[in-house]
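Each residue takes its place number in the sequence, starting with 1.
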Amino acid sequence: VQLQASGGGSVQAGGSLRLSCAASGATLGHYVMAWFRQAPGKEREFVAAISGSGDITRYVDSVKGRFTISRDGAKNTLYLQMLSLKPEDTAVYYCAAGWTSSRRVIVITSAQYKNWGQGTQVTVSS
């Protein structure tokens with residue numbers, strides 16, 4: 001599976017962005033998908049994940065109520081809608097996909113994802 005992330009940019013605090021991650025090489029029905037982010041000088045951290053079935057999601061506490069992860073099976077694309085952005089959301093955002101036998105699995109550890117996009121920069125200024 002090849003992943004191509006896009007949609008990053010520079011916004012002021014309180015602004016919004018929508019990240020996209022287009023997949024090719026496989027259909028994603030049996031792939032759990034996620035967004036991770038890495039800020040300068042920090043380790044990569046989990047942001048949000050969505051099951052292959054699309055109806056189970058998980059978020060890191062710091063983005064709950066502000067970010068929404070979703071997927072479009074017809075377009076083979078993963079999204080991350082980000083609202084009320086804060087300066088601490090500044091990071092490179094990576095999409096990831098991991099095959100699972102069950103479509104109702106959530107994975108939040110980066111080591112279990114074998115397919116990664118190239119990253120897209122999100123910068124939030126105060």
Task: Residue pairs passing the side-chain hydrogen bond (donor to acceptor under 3.5 Å, both in side chains) test where at least one lies in residues 97-107, sequence neighbours excluded - done: Asp55-Arg104
Open item on the list: Is any side-chain heavy atom of Val32 closer than 4.5 Å to one of Gln112?
Closed with: no
TODO: Any chance you could measure Ser70, atom OG, to Leu80, atom CG, to the nearest 0.5 Å?
DONE: 8.0 Å
Open item on the list: Rounded to the nearest 0.5 Å, what separates atom CZ in Arg58 from atom CD1 in Ile50?
Closed with: 13.0 Å
TODO: Considering non-hydrogen atoms only, spot the tightest contact between Val47 and Phe67 and give its length.
DONE: CG1-CD2, 3.8 Å
TODO: Please name all residues satisfying ring-ring contact (aromatic ring centres under 6.0 Å, His included) with Phe46, sequence neighbours left out, ordered by chain then number.
DONE: Phe36
- [ ] Mind jotting down which residue pairs meet the salt bridge (charged side-chain N to carboxylate O under 4.0 Å, His left out) criterion with at least one end in residues 113-126? Sequence neighbours excluded, please.
- [x] none
Would you give me the side-chain donor-acceptor pairs under 3.5 Å for residues 18-28, sequence neighbours excluded?
none

For residues 82-97, tabulate all N or O donor-acceptor pairs below 3.5 Å that involve a side-chain atom, not counting sequence neighbours.
residue	atom	partner	partner atom	Å
Asp89	OD1	Arg37	NH1	3.0
Asp89	OD1	Arg66	NH2	3.0
Asp89	OD2	Arg66	NH1	2.8
Asp89	OD2	Arg66	NH2	3.4
Asp89	OD2	Lys86	N	2.8
Thr90	OG1	Pro87	O	2.9
Thr90	OG1	Val124	N	2.9
Thr90	OG1	Val124	O	3.3
Tyr93	OH	Arg37	NH1	2.9
Tyr93	OH	Asp89	O	2.7

Task: Main-chain N/O of Tyr79 paired to Trp35 side chain as donor or acceptor, under 3.5 Å - done: yes
TODO: Write out all pairs satisfying side-chain hydrogen bond (donor to acceptor under 3.5 Å, both in side chains) with one or both partners inside residues 117-126, taking only residues at least two apart or from two chains.
DONE: Gln121-Thr123
- [ ] Please name the pair of heavy atoms, one in Trp116 and one in Ser110, separated by the smallest distance, quoted to 0.1 Å.
- [x] CZ2-O, 3.5 Å
Task: Interatomic distance, Ile69 atom CD1 to Ser51 atom OG [nearest 0.5 angstrom] - done: 9.5 Å
